[in-house]
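Reading through the structure tokens given below for one structure.
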Amino acid sequence: MTASKSLKALAITFFLSGVWDIIGGINYAFMIGTVYTDPPIHRFYAIFIASFFLCFAYLQILSSFNIKRYLFIIGAVIIGRIFYVLLLYSYIWGVPDFPNTFWWTGVIDLFWSILYLVITLTSDDIRLKDLFLPKWEGI
């Protein structure tokens with residue numbers, strides 16, 4: 001059985017976005033709160049957030065090797081990325097003196113989410129529902 005072009009494209013995109021989250025995890029683990037101190041963050045919280053980034057990266061990279069089975073993980077990542085973007089920009093625009101240091105990360109995360117959706121919506125093999133509800137294959 002061969003995978004369709006859209007499944008391959010989605011798998012590659014998901015793999016690359018996992019690499020992006022590894023970069024984010026390393027950034028939070030070693031640079032946020034030390035090199036980057038605006039906004040100020042306690043090292044515990046920076047490392048705590050880094051652990052989430054690395055877990056998400058693990059899920060994305062390993063799911064990309066069997067993308068058809070784990071399509072619903074993409075939906076979870078979309079929800080998380082959109083929430084992050086909304087939260088980031090609401091703080092940048094709504095909280096006085098909140099630094100816009102990481103505005104560009106919101107653009108990249110929004111890009112990944114849009115790319116997942118575009119690949120899905122232009123595919124004949126994948127439905128939008130597949131991203132948010134796992135298929136039941138029995139026990």
Side-chain angles (χ1 to χ4, degrees):
M1 181 173 116
T2 59
S4 69
K5 287 182 182 180
S6 55
L7 280 172
K8 286 180 184 177
L10 195 55
I12 291 167
T13 302
F14 210 47
F15 181 90
L16 293 174
S17 68
V19 172
W20 166 247
D21 282 344
I22 287 174
I23 293 167
I26 291 169
N27 192 25
Y28 268 90
F30 299 108
M31 300 184 73
I32 305 294
T34 56
V35 176
Y36 301 112
T37 57
D38 194 20
I41 186 171
H42 192 279
R43 287 297 303 145
F44 169 80
Y45 294 110
I47 293 170
F48 182 69
I49 292 169
S51 71
F52 281 96
F53 273 108
L54 296 174
C55 287
F56 293 150
Y58 172 82
L59 280 172
Q60 290 170 84
I61 290 169
L62 289 184
S63 296
S64 71
F65 291 105
N66 193 353
I67 197 72
K68 190 165 179 95
R69 182 173 184 170
Y70 296 109
L71 283 171
F72 71 96
I73 292 176
I74 296 172
V77 171
I78 288 171
I79 291 168
R81 288 189 192 283
I82 298 292
F83 180 70
Y84 165 71
V85 170
L86 291 173
L87 192 62
L88 175 68
Y89 286 112
S90 67
Y91 270 77
I92 288 174
W93 293 327
V95 175
D97 299 323
F98 188 85
N100 61 359
T101 309
F102 298 106
W103 66 268
W104 55 274
T105 63
V107 172
I108 293 171
D109 280 301
L110 187 60
F111 166 77
W112 288 123
S113 294
I114 290 170
L115 194 54
Y116 304 148
L117 293 171
V118 166
I119 293 170
T120 300
L121 293 172
T122 59
S123 170
D124 292 332
D125 301 323
I126 312 166
R127 297 173 306 179
L128 194 58
K129 175 182 144 183
D130 296 335
L131 299 185
F132 298 98
L133 297 170
K135 288 185 179 181
W136 176 258
E137 296 180 6
I139 294 177

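What's counted below: heavy atoms across the whole structure, side chains too, no hydrogens, waters or symmetry copies.
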Just verifying a value: how many Å separate [X] [atom1] and [Y] [atom2], rounded to the nearest 0.5 Å?
X	Y	atom1	atom2	answer
D21	N27	CG	CG	11.5 Å
W104	D109	CH2	CG	9.5 Å
S6	I126	OG	CD1	4.0 Å
I114	L121	CD1	CG	11.5 Å
R127	L71	CZ	CG	10.0 Å
L54	I47	CG	CD1	11.0 Å

Handout entry: Verdict with reasoning, F14 to I74, per side chain to side chain contact (heavy atoms under 4.5 Å, CB included)
Key = CA-CA 8 Å; F14 210 47; I74 296 172; 3.5 Å; yes
Just by distance, do the side chain of [X] and the backbone of [Y] share a donor-acceptor pair under 3.5 Å?
X	Y	result
R81	G106	no
R43	I32	yes
S63	L59	yes
T34	M31	yes

Under 3.5 Å donor-acceptor pairs involving side-chain atoms of residues 88-97, not counting sequence neighbours:
residue : atom : partner : partner atom : Å
Y89     : OH   : W103    : O            : 2.4
S90     : OG   : L86     : O            : 3.1
S90     : OG   : L87     : O            : 2.9

Problem - Pair K8 + D125: basic N to acidic O under 4.0 Å - result: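 Between D125 and K8 there is no salt bridge, as every charged N stays at least 4.0 Å from the carboxylate O atoms.
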Can you name the nearest heavy-atom pair linking [X] to [Y], along with the distance?
X	Y	result
F65	I61	CD1-O, 3.2 Å
Y28	A50	CB-CB, 3.8 Å
S17	Q60	OG-OE1, 2.6 Å
A57	I22	CB-CG1, 3.4 Å
L110	I82	CD1-CD1, 3.9 Å

Practice task
Go through the steps for Y36 and F102 under the test ring-ring contact (aromatic ring centres under 6.0 Å, His included), then give the verdict.
Solution key: CA-CA 10 Å; Y36 301 112; F102 298 106; 5.4 Å; yes
Practice task
Look at atom CZ of F98 and say whether more than 12 heavy atoms of other residues, nucleotides or ligands are closer to it than 6.0 Å.
Solution key: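 Counting neighbours around CZ of F98, more than 12 heavy atoms of other residues, nucleotides or ligands fall under 6.0 Å, so yes.
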Exercise for the section: Using a cut-off of 6.0 Å, state whether more than 12 heavy atoms not belonging to F132 lie near its atom CZ. Expected result: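 More than 12 within 6.0 Å, yes.
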Exercise for the section: Compare all side-chain heavy atoms of W112 with those of L16 and state whether any distance is below 4.5 angstrom. Expected result: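 A side-chain contact exists here, since the closest heavy-atom pair is under 4.5 Å.
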Decide whether [X] and [Y] are clustered together by the hydrophobic rule: side chain heavy atoms of Ile, Leu, Val, Met, Phe, Trp, Tyr closer than 4.5 Å, transitively.
X	Y	result
F15	I26	yes
L133	Y116	no
F111	I78	yes

Problem - Ring geometry between F48 and F44 (parallel below 30°, tilted from 30 to 60°, perpendicular above 60°) - result: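 Correct class here is parallel.
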Handout entry: Evaluation steps, side chain to side chain contact (heavy atoms under 4.5 Å, CB included), between I108 and T105
Key = CA-CA 5 Å; I108 293 171; T105 63; 5.7 Å; no
Exercise for the section: Check the pair T120, D130 against side chain to side chain contact (heavy atoms under 4.5 Å, CB included), reporting the backbone distance first and the verdict last. Expected result: CA-CA 9 Å; T120 300; D130 296 335; over 6 Å; no
